[in-house]
Amino acid sequence: MTTPYHPPVKRSVEIAGHKTSISLEPVFWDLLKHAAACEGVPVNALVARIDAERLEADTPPGLAGAVRVWLATVVLKAQP
């Protein structure tokens, strides 16, 4: 059995034609890929949507934090 505890992994994403990188733990990358597949969109498109939503906040978090919060919110909404 592998452990879910792993240092963040940096990957490049493209948002509105602009390349940036995000550091997320592998479990969050897996959840992000799964969420994108469920919505039928590429990971870059989902990250761009999360980015747009975070920028509307009064005090926007960093992009990696916003992705983690978005994923946690999705998981919580799926609970019965």
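The chain is numbered in sequence order, starting from 1.
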List in chain and number order the residues that pass side chain to side chain donor-acceptor pair (under 3.5 Å) with E53, two or more places apart in sequence or in another chain; answer none if no residue qualifies. none
Measuring from atom CD1 of I50 to atom CD1 of I22, what distance do you get when rounded to the nearest 0.5 angstrom? 8.0 Å
Which pairs pass side-chain hydrogen bond (donor to acceptor under 3.5 Å, both in side chains) with one or both residues in residues 64-74, sequence neighbours excluded? E25-R68
Partners of A45 by side-chain contact (heavy atoms from CB on, under 4.5 Å), sequence neighbours excluded? V41, P42
Taking R54 for its side chain and P61 for its backbone only, find out whether a donor-acceptor pair lies under 3.5 Å. yes
What pairs with V43 under side-chain contact (heavy atoms from CB on, under 4.5 Å), at least two apart in sequence or on another chain? L32, K33, A36, V47
Quick check on the hydrophobic clustering: are L71 and V69 connected, directly or via other members, by side-chain heavy-atom contacts under 4.5 Å? no
Acceptor/donor pairs from residues 5-17 side chains to any protein atom, 3.5 angstrom cut, sequence neighbours excluded:
none

Could you work out the complete set of other residues in the hydrophobic cluster of L76, with links drawn between I, L, V, M, F, W and Y side chains under 4.5 Å apart? none
